[in-house]
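What follows is one structure encoded as structure tokens, with my remarks underneath.
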Amino acid sequence: MLNEFRMQLPIFQFRDKIIKSIRENQVIIIAGETGCGKTTQIPQYIYENDSNLRIAVTQPRRVAAMTLAERCSLEKQTKLGQLIGYNVRFDDCTSKDTQITFLTDGMLIREFIVDQQLKRYDIIIIDEAHERTVQSDLLLGLLKNLCRKRKQLKVILMSATMQIEKFANYLETEAIHIIEARTHTVDVYNVPIRQQDYVESMVNTILQLHFTQPEGDILAFLTGQEDIEDVREILLERMKISNQEKQLEVKMLYSALPPEVQMEAFQKCVHRKVVLATNIAETSITIDGIVYVVDCGYVKIRSFQIGKAIDTLLLAPVSKAQAEQRAGRAGRQRQGQCYRLYTQQTYERLAKYMLPEILRVNLLSVILQMKAIGIQNVLTFDLIDRPDMELMLANLNQLVKMKALDSEFNLTQHGKNMSSLPLEPQFSHFLIKAYECGIYDLALNSISILQVENLFYFQRGSKENLQKILSKFKISNSDHLTKANILRKYEETQNKKSFCKENSLNHKTLQKAISVKQQLKDYMKRITQKEFEKEDYDKFKQVLSESLMFKHAFYSPQDQAYKLKQTNQLAYIHPESVLFNQKPKYVIYNEVILTKKVYLRDVTEIDEL
DNA sequence: GAGCACTGC
């Protein structure tokens, strides 16, 4: 039975219309802002109408998949994992009775590799399609194809109310439903003149807001750890000077913060709270009680420069859609206000949407996945936005060199094995080769710990300890081996928490590395039975060097920098490397990224190129 | 002598 709460949701009045539309069309589009109830209700409507159907609902983020399944289970008063369940990495909470499965986009792509017909499901819902992640774009392409082969299959695309025509054209459907949500209005204010420095401007706006506006918490959007810490320091200083009775609690929120510090941003405060956040607060996380939003107008974007073959992580203006999304965060509880630290004129000139991810990342692993799913010609595969042809061709040729594909671009057994691992292709290649050479534990430790980010956590200004800590674990002029050693020492230590504290390590991060290692170990069991171990660092380096065949660099004395073998690009060893300030002649690296300079991250010295 | 936003298998 439908309970009263469910009937009050905006989506409820569309129930019969949508059911009818699904019956009559193979592909339908449902657009509606967050809060209209589409994600929790539509799977249930479908099930209540025909209890034989098996439904998959995809989400870009794993927490969303888990909490949505929990929410729906509660509404249907069933046990989570029975009728309704979820399936995300490290956590499969489904059973043979499960008919509504919430899963991540990446998980459904994995299922495609196992069964290209996806016969396990009758209806597939792709949610949050407007976010345009690589995974959901790829899923749309795969499902568009599959619809021709499986006439009974139904596909529902759900998105915010943007780019709907584009989706509709691509999926060749006219069945579009737009659901209005009941949200509160947000008044938007722009600054009248262009601001020189958004940190200064941010501080002034927050303080002015604080001293003149009625109660309600503030959410401030900044770009990264550095400007968040700057704003915080200046705010605290000025609050001290002003000696006002009106207190202001300053909290921070960005992904490199340890989870326990992040939690502080969610606690209710006696006084007004201001949360200084990155775009983690844009979609991933919702904070209750926010009435005011301040938007600096910038965001850090990671892109892949095709010609130079390097990643960049640089500041860029937000898109209009992003600016709206940020403003919307003020209207979740009651009428809110949004202050933009840029002029109305600047706003008008912003791009409508951010460039979709598939057009700005390296596609090596996506191409391998596509081959594993059985796509013959990936170059002509019909995606909603086609990536650069040259890049895809270069990726194909790299996969040939790794022997993942043969010379006709057909998937080899090795490529099949590689695609079964949740790793970048060069690491899959490395792990498989390392097993063959009998250095599996060393390789597993190294790969697992390199998968996790924010291994260390330092308070501002205390980072001079880093090299001291690294030297305790250092092995053989290699970040790969040194980090493997950190994981091994962590595993061997009894009191893990104090071990982490002593060495400024992030406990949760290492926990994650452990579960990554266990998962990789399980996957590897299906590929090879070999499990013998010898501690051979030279062999390790040799196999690694061969696996990172496109990531070699040599020191160029006249440039006082490294030259990448592939492109002659100049780069510097990252300060977080054990090789920082040393100048080994030849190195291999995991990643080359432009931030303030072009840096090589995770570096190992080798004897020759 | 600098420090990387976010997400996923």
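Protein chains get the first letters and strands the later ones, always in sequence-line order, with residue 1 at the start of each. Note that this is a predicted model, so its numbers are computed, not measured.
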Can you figure out which of B:dC9, B:dG3, B:dC4 approaches the side chain of A:Tyr599 most closely?
B:dG3
Using the side-chain heavy atoms of A:Arg110, tell me which of these nucleotides is nearest: B:dC9, B:dG1, B:dC4.
B:dC9
Does a side-chain N or O of A:Thr283 approach OP1 or OP2 of B:dT7 to a distance below 4.0 Å, or not?
no
Please state how far atom CD in A:Glu282 lies from atom C1' in B:dT7, giving the value in whole angstrom units.
13 Å
Partners meeting side chain to side chain donor-acceptor pair (under 3.5 Å) with A:Gln116 (sequence neighbours left out)
none
Checking all strands, does A:Thr133 fall into the base, sugar-phosphate, or nothing category for heavy-atom contacts under 4.0 angstrom?
nothing
Send over the distance from A:Asn87 CG to B:dC9 P, rounded to a whole Å.
9 Å
Here's a test of your reading of the structure: between A:Met107 and A:Pro575, which maps to the more 5' nucleotide of DNA chain B?
A:Pro575
Closest to the A:Gln225 side chain, choosing from B:dG1, B:dC9, B:dA5:
B:dA5
Between the side chains of A:Thr94 and A:Asn87, does any donor sit under 3.5 Å from an acceptor?
no
Report yes or no: do A:Asp479 and A:Ser577 form a side-chain donor-acceptor pair below 3.5 Å?
yes
For atom CD of A:Glu591 and atom C1' of B:dA5, their distance in whole Å:
13 Å
For the side chain of A:Lys300, starting at C-beta, report the closest nucleotide among B:dC4, B:dC9, B:dA2.
B:dC4
Can you find a donor-acceptor pair, distance only, under 3.5 Å between A:Gln451 side chain and B:dC9 base?
no
Looking across every strand, which nucleic acid part, if any, lies under 4.0 Å from A:Val134 by heavy atom: base, sugar-phosphate, or nothing?
nothing
How many angstroms lie between atom OH of A:Tyr121 and atom CZ of A:Arg54, to the nearest 0.5 angstrom?
9.5 Å
What is the distance, to the nearest angstrom, from the CG atom on A:Leu222 to the P atom on B:dC4?
16 Å
Write down the distance between OH (A:Tyr254) and P (B:dG3), rounded to a whole number of angstrom.
15 Å
Between A:Leu313 and A:Ser365, whichever has its closest DNA chain B nucleotide further toward 5' is A:Leu313
A:Asp602 CG to B:dC4 C1', straight-line distance once rounded to whole Å
12 Å
Whole angstrom value for the distance that separates C1' of B:dG3 from CD of A:Gln467
13 Å
Contacts under 3.5 angstrom, residues 312-329 of chain A side chains, donor-acceptor by atom type, not counting sequence neighbours:
from	atom 1	to	atom 2	distance (Å)
A:Thr312	OG1	A:Ser303	O	3.4
A:Ser319	OG	A:Gln322	N	3.1
A:Lys320	NZ	A:Glu348	O	3.1
A:Gln322	OE1	A:Ser319	N	3.3
A:Gln322	NE2	A:Glu282	OE1	3.3
A:Glu324	OE2	A:Tyr347	OH	2.5
A:Gln325	NE2	A:Glu282	O	2.8
A:Arg326	NE	A:Glu282	OE2	2.7
A:Arg326	NH1	A:Asp295	OD1	2.7
A:Arg326	NH1	A:Tyr298	O	3.4
A:Arg326	NH2	A:Glu282	OE2	3.3
A:Arg326	NH2	A:Tyr298	O	3.3
A:Arg329	NE	A:Glu282	O	3.0
A:Arg329	NH1	A:Ile285	O	3.0
A:Arg329	NH1	A:Thr286	OG1	2.9
A:Arg329	NH2	A:Glu282	O	2.9

Just compare B:dA5, B:dT7, B:dC9 and give me whichever is closest to any side-chain atom of A:Arg61.
B:dT7
Could you tell me how far apart A:Glu453 (CD) and B:dG3 (P) are, to the nearest whole angstrom?
15 Å
